[in-house]
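One structure is given here, and the rest of the page talks about it.
Atoms within a ligand are numbered from 1 in the order they appear, just like the ligands themselves.
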Amino acid sequence: MFEVVKLNAGYQFRNRFVHAVRNVSFKVEDEDFFGVAGESGCGKTTLMLASLGLLKRPGKVISGQVLLDGTDLLSLRVSDLKQIRWKQISLVTQSSMNSLNPVMKIKDQMADVLVKNHGFSKNDAYELVKEKLKLVGIAPDRMESYPHQLSGGMRQRVVIAMALLLSPKVIFMDEPTTALDVVVQRSILQQIEELKKKEHFSIVFITHDISLLFELATKIAIMYAGEFVELGEAKLVYSQPLHPYTKGLIEALPSISKDLDKYKSIPGRPLDLALKIEGCPFRDRCSYAFERCEVEKPELRFVDGRWVACHLY
Ligand code: SF4
């Protein structure tokens, strides 16, 4: 239903192009919970912005398609895209304080998109706002509040309610719980799961916290240097990771029962995405690297039930 095909995108600065998304393809089926994980700077947020047609200059999409029920969103005019956004595809951003307008009441900023782009009367829009706030556990009278009058968790719930306003089929969530403490984080994630069951939407969930995905996602993609390096069923990738980068991320996960000396981190730093990459992009950090990794780029191959890009397989 939602498909990204060979997407390439990045940022053009004078003579320097930062190639942040490199030939990425994936499919999201009805009611999937598709997780994308990787370190900061691996291209996750650019992938999301490019997929939603929200990449602003100096960002640009170089090639690829983003198909929603067969329509390529990247070929649509802005006015057509506005009709599709919120109704068929929407977004929950990272920091609710940044995405909410501090000088507008919650009801007005939520109703704004309904009135301006979807032909609602103000009263009908407010009714829908009330209904969606209730859905995320916020009393309707809080729609009279300004964002600073709500707690961090409530603000994030407002942003989720906003994304649900027109019952879209696909919702992108970019680190929606990162700025919250763990208790609020847990309750919001539970709520997202419940809402997904009730409202039957699909989720593309972007995070650097891979442990969240292993708990919640049905499918998972591990992103490194702008590319997917492992992609498959979340349970399988967690229980039998193949790519050395996936293994490294899993070995670094904290656990109550693990001895401190058993923790390992991945050496080195993520690649500079402005550089031309030859061979395997992970080779300087990989303890399994061998000669072939220096000269030949591994392509994604279907191995043991998932896709993996590594010469070991
Ligand atoms: Fe490591 Fe080579 Fe596999 Fe890259 S291709 S992840 S360097 S073993």
Side-chain angles (χ1 to χ4, degrees), residues 4-10 17-27 34-48 50 62-64 204-214 217 219-255 258 261-313:
V4 170
V5 186
K6 295 187 176 172
L7 189 67
N8 281 282
F17 182 67
V18 178
H19 197 168
V21 175
R22 300 170 182 235
N23 229 19
V24 168
S25 298
F26 65 96
K27 237 184 224 179
F34 186 91
V36 180
E39 290 162 296
S40 299
C42 72
K44 306 183 296 290
T45 299
T46 309
L47 171 64
M48 178 196 70
I62 313 163
S63 60
V204 181
F205 195 100
I206 287 174
T207 183
H208 66 274
D209 186 350
I210 197 173
S211 60
L212 290 182
L213 294 184
F214 289 137
K219 287 183 201 152
I220 185 171
I222 306 296
M223 198 167 182
Y224 185 75
E227 300 176 14
F228 283 175
V229 294
E230 188 156 1
L231 168 67
E233 298 294 323
K235 278 190 190 133
L236 180 69
V237 173
Y238 181 53
S239 57
Q240 298 158 42
L242 290 185
H243 197 282
Y245 181 56
T246 317
K247 288 183 185 172
L249 292 175
I250 293 173
E251 277 169 3
L253 284 178
S255 152
K258 200 153 118 184
D261 56 3
K262 297 258 165 59
Y263 286 109
K264 283 188 197 158
S265 63
I266 301 171
R269 301 166 60 104
L271 274 187
D272 177 353
L273 295 176
L275 298 177
K276 187 163 182 279
I277 300 173
E278 274 163 15
C280 173
F282 191 57
R283 67 178 192 275
D284 291 342
R285 305 174 74 187
C286 181
S287 52
Y288 302 86
F290 56 106
E291 275 168 28
R292 187 177 169 197
C293 311
E294 296 285 328
V295 290
E296 191 185 327
K297 192 176 162 320
E299 299 298 333
L300 276 174
R301 285 195 194 114
F302 197 68
V303 181
D304 293 344
R306 96 294 306 274
W307 294 88
V308 61
C310 173
H311 291 314
L312 293 174
Y313 309 100

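Atom-to-atom distance recorded for Leu213:CG and Leu249:CG is 10.5 Å, nearest 0.5 angstrom. Atom CD1 of residue Ile62 and atom CZ of residue Arg22 lie 9.0 Å apart, to the nearest 0.5 angstrom.
Between Arg285 and Glu39 there is a salt bridge, since at least one side-chain N of the basic residue sits less than 4.0 Å from a carboxylate O of the acidic one. Between Arg306 and Glu230 a salt bridge is recorded (basic side-chain N to carboxylate O distance below 4.0 Å). Ion pairing of Arg301 with Glu299 is absent here, as no side-chain N (NZ or NE/NH1/NH2) approaches a carboxylate O to less than 4.0 Å.
Remark: Lys264 NZ is loosely packed, at most 12 non-hydrogen atoms of other residues, nucleotides or ligands lying under 6.0 Å away.
Around atom 2 (Fe) of ligand 1, protein N, O or S atoms at less than 2.8 Å comprise Cys293 SG.
The His243 neighbourhood of ligand 1 comprises atoms 6 (S), with distances under 4.0 Å to a heavy atom of that residue.
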